[in-house]
Amino acid sequence: MSAEITPGLIVRSQSGFFSVQTESGLMTCHLRGRLKQGKHVGDLAAVGDRVQVSCQPDGTGSIETIEPRRSALVRLDPRPQGVYQQVILANPDQAVFVFACARPAPRLRMLDRFLVIAEKQGLAAIIVANKIDLVGREHAEKMFGFYPPIGYPVIYTCATAALPEGHRDNVAVGAMEIGQGVEELRETLTGKVSALAGPSGVGKSSLLNAVQPGLGLAVREISDAFQKGRHTTNVRQLFPLEGGGYVADTPGMRSLALWDTEPEELDGYFPELAALVAACQFNDCRHKSEPGCAVRAAVEAGRVHPQRYDSYLRLRAGEE
Ligand SMILES: Nc1nc2c(ncn2[C@@H]2O[C@H](COP(=O)(O)OP(=O)(O)OP(=O)(O)O)[C@@H](O)[C@H]2O)c(=O)[nH]1
Ligand SMILES: [Mg+2]
Ligand SMILES: [Zn+2]
């Protein structure tokens, strides 16, 4: 007697149980015991994994096999037995990095770090600059405008101006901007599996709710909640989009690993630097103070943005 085997996609994981989307609907599954045998240093199954499940008579499922991952966003979790690789999202098609133009002020070094992670995973990266109502579109473009020429599109958005009634910050809110960029973001997300990441309080949940009002994700109620932010969003889950595709609101990207990246390979993950290194005089050039460095020359000539160069140097030196 052979149980029926169906392909599916893990859309949610919680304490050892997985929700698997199959052709015939959502199934609650657990991992087949034999998959768990032996030593493992990371999540065997994670949201975004393609799996084969067998249907049990009681209507639940059992995950029999997990397809090899094309890509993954991994977080390193130091444990007594050693460092464990937590898979935040398996097989993403693209990464969408959300930062606020203000409140909290954008930390572009963190963005550059995220971009390196995306490059290393071979993921297309898109930047969302949210809360443009707080600074105005023009100023927002001054802050993020140097990214598109490098190859990272920027979508300028205003998810909401939902500050509490009578809040004094309301003065700064330009009602005309509400909803800006949301349609563009929706189009970008449709038909793909996207990892949405960014610091706490920048408006990720608000944006997803604006893209798809039915989602009803929890949003922080007080506008300055970011200040000592714990993430409001905690469940590991893929949300299906009405137009096709899935999006994951991935908290805690801050701790995403730049693991096993050697300092010498880092310039390869800065596209605008990667194009220059062949022209450096020394092939082990660190692009710091070596003579005949093409990268420094490009920085001095204004062809490489100084902030990107600075991020490169700091990441290379092992800084956060
Ligand atoms: N002014 C303004 N406020 C916004 C905008 N988008 C979101 N907010 C506010 O920013 C705060 C944080 O929004 P969330 O959507 O909870 O942020 P988040 O990124 O999901 O935060 P975590 O779940 O903690 O990671 C809330 O008070 C929102 O109302 C915007 O475009 N403009
Ligand atoms: Mg959230
Ligand atoms: Zn150099």
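Just so you know, ligand 1 is whichever comes first in the structure, and atom 1 is the first atom listed for that ligand. Quick caveat, the model's predicted, so the values are computed rather than measured.
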Notebook entry, point to check: Do Lys131 side-chain atoms and Ala159 backbone N/O form a donor-acceptor pair below 3.5 Å?
Noted result: no

Could you give me the CA-CA distance, side-chain angles and deciding distance for Asp267 and Arg286, then say whether salt bridge (Lys or Arg N to Asp or Glu O under 4.0 Å) is met? CA-CA 9 Å; Asp267 53 18; Arg286 296 158 172 259; over 6 Å; no

query: Within the structure, does Gly201 bring an N/O atom to less than 3.5 angstrom of an N/O atom in ligand 1?
result: yes

**Message:** Using only atom types and a distance under 3.5 Å, with no angle test, would you say the side chain of Asn91 pairs donor to acceptor with the backbone of Arg69?
**Reply:** no

When you compare the side chains of Thr65 and Gln52, does any donor N or O come within less than 3.5 Å of an acceptor on the partner? no

Atoms of ligand 1 under 4.0 Å from any heavy atom of Ser206, numbered from 1 in the order shown, are 6 (N), 7 (C), 13 (O), 14 (P), 15 (O), 28 (C)

Quick note on ligand 1: atoms under 4.0 Å from a heavy atom of Ala159 include exactly 6 (N), 30 (C), 31 (O)

*asked:* So, regarding Cys158 and ligand 1 (criterion: nitrogen or oxygen to nitrogen or oxygen, under 3.5 Å), is there a contact or not?
replied: no

* **Check against salt bridge (Lys or Arg N to Asp or Glu O under 4.0 Å), Glu64 and Arg34** => CA-CA 9 Å; Glu64 301 289 340; Arg34 69 175 157 73; 3.2 Å; yes

Note: Leu207, heavy atoms under 4.0 Å from ligand 1, region reported as neither

Between Ser206 and the Mg ion (ligand 2), is there a contact where an N/O/S atom of the residue lies under 2.8 Å from the metal? no

One finds that the ligand 1 atoms under 4.0 Å from a non-hydrogen atom of Lys204 are 15 (O), 17 (O), 18 (P), 19 (O), 20 (O), 21 (O), 22 (P), 25 (O)

What is the ring orientation for Phe146 with His305, classed by angle as parallel under 30°, tilted 30 to 60°, or perpendicular over 60°? parallel

Under 3.5 Å donor-acceptor, Ser71 side chain and Pro92 backbone: yes

Check your understanding: Got an N/O contact under 3.5 Å between Thr157 and ligand 1?
Key -> no

In terms of heavy-atom contacts, Leu189 and Gln94 come closest through CA-NE2, 4.1 Å

Contact check: Gly203 vs ligand 1, nitrogen or oxygen atoms, below 3.5 angstrom: yes

So the angle subtended at the Zn ion (ligand 3) by His287 atom ND1 and Cys280 atom SG, rounded to 10 degrees, is 100°

Ligand 1 to Asp133, heavy atom cutoff 4.0 Å, flagged ligand atoms 1 (N), 2 (C), 30 (C), 31 (O), 32 (N)

Note: Asn130, heavy atoms under 4.0 Å from ligand 1, region reported as side chain

In this structure, the Zn ion (ligand 3) sits at the vertex of an angle between SG of Cys293 and SG of Cys285 that rounds to 10° as 110°

Can a donor-acceptor pair be found, under 3.5 Å and without considering hydrogens, that links the side chain of Asn130 to the backbone of Phe99? no

